[in-house]
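In the text below, chain A, chain B and the rest are named by the order of the sequence lines, each starting its count at 1.
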Amino acid sequence: MPYDPREIEARWQRAWADARVAEVDVSAPGQKYYMLNMFPYPSGDLHVGHGRNYILGDALYRSLRMQGRAALNPMGWDAFGLPAENAAIKRGIHPRDWTRSNIAREKKQFERWGILYDWSKELASCDPEYYRWNQWLFLQLYKRGLAYRGKAPVNWCPQDQTVLANEQVVDGRCERCGTIVIQRELEQWFLKITAYADRLDAGLDSLEHWPEQVKLMQRNWIGRSVGADVEFPVPSLGKSIRIFTTRPDTIYGATFMVLAPEHPDVMTLIADNANRTEIEQWIAGVRNQSNLERQESGKEGRFTGQTATNPFTNEPIPIWLGNFVLMQYGTGAIMAVPGHDQRDFEFAKQYDLPIRIVVAGGPADMTEAFVDKENGVATNSGLIDGLKSPQAIGKISEEIERRGIGRKMVRYRLRDWLISRQRYWGTPIPMLYCDKCGIVPVQEDHLPVELPLDVPFTGREGNPLAKHAAFVNATCPQCGGKARRETDTMDTFVDSSWYYARFISSHDDKKIFDPAMVNRWLPVDQYIGGIEHAILHLLYARFICRTLHDMGLTEFEEPFERLFNQGMITKEGYRDPSNNRAWVPLNEVERRDGKPYRGNTELIPETGKMSKSRFNVVPPDELIDRYGADTERVYTLFIAPPEKEAAWSDEGVIGAFRFLNRVWKMGESGVAGRGSDALTRKTHQTIAAVTQRIERFEFNTAISALMELSNAMGESPDRTSYEVLLKLLHPFAPHITEELWKTLGNEPFILTSAWPVADEELMKEDVITIAIQVNGKLRGQVEVANPPVESDVLAAVKTNTNVQRWLEGKQIVKTVYVPGKLVNVVVR
RNA sequence: GCCCCCGUGGCGGAAUCGGUAGACGCUGCGGACUUAAAAUCCGCUGACCGGAGACGGUCGUGCCGGUUCGAGUCCGGCCGGGGGCACCA
C-alpha cells in the first residue's frame with residue numbers, strides 16, 4: 001500500500017481525541033512538567049507561518065511525555081480585542097460570534113496539524129467565567145493602591161478613538177492602524193507597575209533560561225538609572241524646584257536650568273514676563289505635538305525671565321523652558337550642564353548660554369560635550385576637585401544629603417500601565433461613580449460585571465457601552481443612591497498576564513485559582529512564543545505574577561522558568577509595484593534581461609513575514625491535502641533552527657515527504673532479522689543525538705540525524721532499530737509513526753510507549769579515523785582500533801606515505817596529539 | 001547616536017570544548033527503470049590546477065590584522081544585514 005497520509009492522519013487524530021490522551025488530572029500525584037504556547041488571539045487565519053511554534057511545542061510535548069517527563073499542555077484563547085470589534089462594525093457580525101467561529105476554525109486547524117492540547121482546561125478570556133477574575137484581580141490591586149485613576153497625558157489614537165500604552169506606540173504611530181499618535185490629557189485607569197520596577201529589573205538576573213536578548217530588551221525598557229534629586233532654590237517663587245540628575249558630580253557646571261513646558265511651576269514663573277503671551281502659545285504648540293513631532297522639530301526653548309540658585313556655586317542661573325525635557329521622566333526639570341551633556345550642549349550653543357568645564361579629560365576643541373562617566377576628573381568643582389568621576393559622584397551625593405538639599409535617587413524609564421480602553425469588546429472595569437461617594441469599587445460578590453451583548457455597533461466616536469443605559473445605570477453599594485458604571489474596558493494584556501495560572505483550575509467558580517495546585521505546577525517549565533512579546537506581554541505577566549505573590553496566593557515571583565522564542569517563517573517572492581497588494585511567488589515570475597517581470601511591470605524581490613496582508617501565506621490545508629500534516633511538521637522543523645527566521649520553500653517540502661515515504665516503505669517490506677553491529681551502533685548513536693537535540697531545541701539537526709539513520713537502514717532494517725526510529729520520529733511525525741507502530745503489532749499508542757535509552761557501550765565505534773596534519777594542514781588519515789593508544793597512532797603516522805612525503809627532509813619540532821581526533825606534526 | 005545579534009556552496013543549513021569545513025535536505029547534472037512521463041532508485045554537485053583514474057595540490061566560512069601547533073569558532077579594527085532603545089537628564 002502506498003503511503004496515504006490523509007486517511008491515516010484523520011484516523012489517528014480521532015483516536016487521540018477519543019482516548020483523551022492529552023488530558024491531565026492536575027491533582028494527581030506524580031511528576032509535573034508544564035509547558036505552554038503563548039495565548040493566541042483567534043483571528044481565524046492560521047497559516048504555515050503560524051504553525052511553527054505550535055508544531056515545535058507539540059514535538060517537545062510528545063518527546064517529553066514519552067520520556068515520562070511531560071504532563072500538562074493546555075491551550076486557551078486571548079479572545080477580547082479590537083479586530084473582533086472592527087469586524088462587527090464592518091460586517092455586522094457580533095464580536096462574540098466572530099470570535100467563537102474563529103476559535104472553532106483554529107481548533108480544527110490545530111487538530112489537522114496533529115497538535116495535542118489538553119482541551120479539558122480550555123478557556124477563553126471573553127467568557128464571564130474568565131474575565132470575572134480579571135475584575136477580581138483589578139479590585140485586589142485597587143485595594144492595595146496598585147490600581148488608580150489618574151489624569152495624565154496619554155497616547156491617543158485618533159483613528160481607533162482610544163488610548164494606547166507606550167508599548168503600543170511604534171515610531172510615534174499606533175501599533176494597529178499606523179495613525180500618528182497624539183498626546184491628550186485624560187482620566188484613565190492605571191496599574192502601578194512602576195512600584196515593581198526595581199523587582200522586575202533585579203528579577204531578570206534569576207532567569208537563567210531566558211534568551212539574553214529578551215532580558216536585555218526588558219532591562220532597557222525598565223531603564224533603571226541611578227543618580228540624585230537636588231533642590232535648586234528659586235528666590236522669586238519662594239521655593240525650590242527639584243531636578244533629577246545621573247551626574248551630580250557635574251553640578252558645579254550647571255549654568256542654567258530647563259523645565260518641561262508642562263511643569264507645574266511654569267505659569268507662575270512667566271507671570272510677569274513681557275513675552276508671556278508668545279510663550280504660552282509656544283507651550284500650547286509643544287503640548288499638542290506628538291512625541292514624534294516634538295522630537296523632529298529640534299530643540300527649542302524659551303527663557304522664563306527668572307533665575308534659580310545653583311546650590312554649590314551659589315550663582316544665579318537662568319531658568320529656561322525646553323521641548324526636550326519631558327514631564328513624564330524624572331521631575332520634569334533638569335540642571336543643564338552644557339559642558340558634559342550633549343543635549344544641554346546643543347541647547348546652550350543655540351541660545352548662547354554659558355558653558356563651563358568641570359570634568360577634565362575631554363578633547364580641547366569643545367565641539368561637543370565630554371560625557372565620559374568613568375574616566376573624567378572633577379575640576380573647578382570645589383570640594384570634589386581632583387576626584388575621578390565615580391568617586392566624585394559618591395562624595396557629592398553624600399554632601400547633597402548632608403546639607404538636606406536632596407538625596408540619592410533611582411529612577412526608571414518605565415511608566416505606569418494604562419489599562420483603560422474606550423472599547424466595547426473587553427473586560428468591564430468593575431468601578432462605579434457615585435455623586436455622593438465618588439469612586440466606588442463594585443463589591444466582590446457582585447462580580448462578574450457582565451458585558452452586555454445587546455449593544456449598537458455604529459462605528460461612530462465613543463464606546464458603545466456608554467450608550468447602553470441598563471449597563472451604565474447602577475446603584476451605589478455604599479449609599480444606595482444612583483451611580484454610573486465605568487464604561488472603559490481593560491487592555492487585553494490584562495487577560496494574558498495571569499492565564500497561565502488559571503489553566504490549573506480553569507473552571508473554578510469560587511476563586512481565581514487553587515493556590516496549592518498552582519504552587520505545585522508553576523512556574524511554567526517551558527513557555528514558547530514569539531519575540532514580539534519580549535516587552536509587552538512578558539513584562540506585564542512578570543508584574544502581575546509578583547502582585548499575586550504579594551497577595552499571598554503564590555510562592556513564586558517569576559511565571560516562566562524557561563522561555564523560547566521561535567523565529568518567523570518568511571516567504572520569498574516579488575512585489576508588484578504597480579499594485580502593492582499583488583505578491584508574485586517565485587515560480588510565477590517571468591524573466592527578461594535577467595530581471596523579473598510580470599506583464600509590463602518590473603517586480604521587486606521581497607522576503608517577508610507570512611501574513612494575509614502581504615498575500616504570501618501558504619494555506620496549511622492545501623499542503624496537508626497534498627503531502628499530509630506529518631510532512632508539513634517535519635519540513636517546518638527541519639527548515640532552520642527554530643529560533644531563527646526561516647524562508648519557506650515550496651520545493652523543499654518534497655524532501656520531508658520522500659523521507660517519510662522511505663520510512664513507510666521499510667515498514668511495508670517487512671522488518672525482520674537481527675541488525676548488523678554497524679546499524680545497532682548507529683541506532684544508539686541516534687538515540688543519544690536526538691534526545692539531546694530535542695532538549696536543546698535543535699529540532700532541525702534532530703531530524704537530520706533521523707534521516708541519516710534511515711539512510712543507514714537501507715530497505716529492510718531489523719525490528720529493534722526500526723522501532724527505535726519510529727519512536728524517535730514520533731514527536732515530529734506523529735501520525736505515520738502511530739500507524740507503523742500498530743502495523744508491527746504493537747498496542748497503541750506509540751505516544752505512550754517509552755522513549756528509547758542509548759546504550760553507551762553499543763554506541764562505541766570499533767575503529768576510528770584519526771586525522772594527520774603537518775603544520776596544521778590535513779595530509780592524511782589513519783584508522784586505528786577504538787579506544788586508540790597514542791603510541792599506535794604515532795606509529796601509524798610513520799607508515800602513511802603521503803604524510804611521509806611532507807615530512808621528508810624536515811625537522812620535527814613537536815607533535816601534538818589530540819586523543820581520538822588528530823595528530824599535528826610541526827616541522828621546520 | 002547607544003545597546004544587542006548575525007554574515008559558511010546555486011539555496012536552507014551542519015560543524016557540542018579552538019581540532020578532518022560543507023552533515024542532512026533542496027536545486028541542478030548524469031544514469032537505471034519506463035513506449036513515454038510522473039514517481040522511485042543510484043552517482044556527481046565549493047572554486048581552481050594536475051591526473052585516464054585512484055588520487056594529489058592550491059585557495060576557501062564578509063574584509064584586514066593578531067593569538068595559537070591548529071581559528072568558521074577566541075581577540076582588535078573595518079564593511080554589510082537584522083533587531084531593540086532613543087531628547088530618559
Side-chain angles (χ1 to χ4, degrees), chain A residues 2 171 211-221 223-225 227 243-248 250 254 258 260 291 294-299 322-326 328-337 340-344 346-347 371 411-415 531-532 534-535 572 634-635 638-641 643-656 658-659 661-662 665 689 692-693 696 698 700-711 715 769-781 802 805 813-827:
Chain A
D171 288 337
E212 284 303 320
Q213 189 198 5
V214 172
K215 289 193 273 184
L216 194 77
M217 280 162 69
Q218 293 223 348
R219 204 157 262 140
N220 290 340
W221 189 260
R224 184 175 194 269
S225 42
I243 60 95
F244 172 65
T245 178
T246 56
R247 292 296 303 273
T250 62
V258 189
N291 274 343
R294 193 161 159 169
Q295 226 179 99
E296 281 171 352
S297 58
K299 285 189 183 52
N323 65 348
F324 68 100
V325 177
L326 306 176
Q328 301 98 308
Y329 187 77
T331 61
I334 62 162
M335 66 173 199
V337 184
H340 307 288
D341 181 283
Q342 191 57 26
R343 289 156 310 174
D344 299 350
E346 286 164 21
F347 194 79
V371 295
R411 290 197 180 266
Y412 300 89
R413 202 190 79 102
L414 185 69
R415 285 176 224 156
I531 187 78
E532 68 274 18
I535 297 172
E572 263 183 283
V634 168
Y635 179 64
F638 178 67
I639 181 172
E643 70 278 11
K644 279 181 65 174
E645 252 185 28
W648 184 269
S649 131
D650 293 326
E651 299 79 47
V653 181
I654 194 74
R658 283 179 190 146
F659 167 54
N661 264 294
R662 280 198 298 273
K665 273 193 214 156
Q692 189 186 56
R693 286 169 184 180
R696 298 181 184 182
E698 295 165 353
N700 55 330
T701 53
I703 292 170
S704 313
L706 291 170
M707 287 173 168
E708 282 186 55
L709 179 61
S710 101
N711 289 344
E715 276 173 19
T769 306
I770 305 275
I772 308 167
Q773 297 181 336
V774 177
N775 283 351
K777 285 193 193 276
L778 183 69
R779 296 302 179 197
Q781 291 176 335
N802 194 48
R805 255 183 42 203
V813 179
K814 70 169 167 177
T815 304
V816 181
Y817 173 61
V818 183
K821 292 266 177 174
L822 58 73
V823 176
N824 188 12
V825 185
V826 185
V827 298

Side-chain donor or acceptor of [X] paired with backbone N/O of [Y] under 3.5 Å:
X: A/R693; Y: A/T701; result: yes
X: A/Q218; Y: A/A534; result: yes
X: A/R247; Y: A/V371; result: yes
X: A/D341; Y: A/A336; result: no

Hey, does [X] reach any base, or is it just sugar-phosphate, or nothing, if we go heavy atoms under 4.0 Å?
X: A/I639; result: sugar-phosphate
X: A/Q692; result: base
X: A/S649; result: nothing
X: A/D344; result: nothing
X: A/E212; result: nothing
X: A/V325; result: base
X: A/G820; result: nothing
X: A/S225; result: sugar-phosphate

Calculate the interatomic distance between [X] atom [atom1] and [N] atom [atom2]; express it in whole Å.
X: A/Q218; N: B/rG84; atom1: CD; atom2: C1'; result: 12 Å
X: A/F324; N: B/rG1; atom1: CZ; atom2: C1'; result: 16 Å
X: A/N323; N: B/rA89; atom1: CG; atom2: C1'; result: 14 Å
X: A/Y635; N: B/rU27; atom1: OH; atom2: P; result: 11 Å
X: A/E645; N: B/rC6; atom1: CD; atom2: C1'; result: 11 Å

Handout entry: Parallel, tilted or perpendicular: ring planes of A/Y635 versus A/W648, cut at 30 and 60 degrees
Key = perpendicular
Handout entry: Donor-acceptor pair present, A/Q781 side chain and B/rU20 base, under 3.5 Å
Key = yes
Side chain of [X]: nearest nucleotide among [options]?
X: A/T701; options: B/rA86, B/rC24, B/rA14; result: B/rA14
X: A/E708; options: B/rA14, B/rC88, B/rA23; result: B/rA23
X: A/K299; options: B/rG12, B/rC87, B/rA89; result: B/rC87
X: A/L326; options: B/rU20, B/rG13, B/rA89; result: B/rA89
X: A/P641; options: B/rG13, B/rA89, B/rC26; result: B/rG13
X: A/R413; options: B/rC88, B/rA23, B/rG25; result: B/rC88
X: A/S704; options: B/rA23, B/rG25, B/rG13; result: B/rA23

Practice task
Would you sketch RNA chain B in dot-bracket for me? Only Watson-Crick or G-U wobble pairs with both distances under 3.5 Å count, crossing pairs as [ ], other-strand pairs as |, the rest as dots.
Solution key: (((((((..(((......[....))).(((((.......))))).(((((....)))))..(((((..]....))))))))))))....
Handout entry: For A/K821, the option from A/V818, A/N824, A/V823 that meets side chain to side chain contact (heavy atoms under 4.5 Å, CB included)
Key =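 Only match with A/K821 under side chain to side chain contact (heavy atoms under 4.5 Å, CB included): A/V818.
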Identify each atom pair where a protein N or O and an N or O of nucleotides 3-5 of chain B are less than 3.5 Å apart, giving names and distance.
none

Practice task
Between A/R693 and A/K777, just flag the one whose closest nucleotide in RNA chain B comes earlier from the 5' side.
Solution key: A/R693
Practice task
Establish, yes or no, whether the cationic atom of A/K299 lies under 6.0 Å from the six-membered ring centre of A/F324 and within 45° of the ring axis.
Solution key: yes
Problem - Check: A/V826 and A/K814 side chains under 4.5 Å, non-hydrogen atoms - result: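 Yes - at least one pair of side-chain heavy atoms lies under 4.5 Å apart.
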Practice task
Tell me whether the OP1 or OP2 atom of B/rA23 has a side-chain N or O from A/N700 closer than 4.0 Å.
Solution key: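 Looking at the OP1 and OP2 atoms of B/rA23, neither is under 4.0 Å from any side-chain N or O of A/N700.
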Problem - Per-nucleotide protein contact string for nucleotides 37-57 of chain B, where B marks a base within reach and S marks sugar-phosphate only (heavy atoms under 4.0 Å, - for neither) - result: ---SS--------------SS
Problem - Gap separating the CD1 atom of A/I639 from the CD atom of A/E645, nearest 0.5 angstrom - result: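 One gets 11.0 Å once the value is rounded to the nearest 0.5 Å.
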Problem - NZ/NE/NH1/NH2 to OD/OE distance under 4.0 Å, A/R343 and A/E346 - result: no
Handout entry: salt bridge (Lys or Arg N to Asp or Glu O under 4.0 Å) partners for A/R411, two or more places apart
Key = A/D229
Practice task
Apply the test side chain to side chain contact (heavy atoms under 4.5 Å, CB included) to residues A/N711 and A/R662: give CA-CA distance (whole Å), side-chain angles for both, the deciding distance (0.1 Å), then the verdict.
Solution key: CA-CA 9 Å; A/N711 289 344; A/R662 280 198 298 273; 3.9 Å; yes
Produce the list of close N/O pairs, under 3.5 Å, pairing protein atoms with atoms of nucleotides 66-70 of chain B; give distances to one decimal.
from	atom 1	to	atom 2	distance (Å)
B/rC69	O2'	A/N824	ND2	3.2
B/rC69	O2	A/N824	ND2	2.5

Practice task
For A/R658, check side chain to side chain donor-acceptor pair (under 3.5 Å) against everything at least two apart and list the hits.
Solution key: none
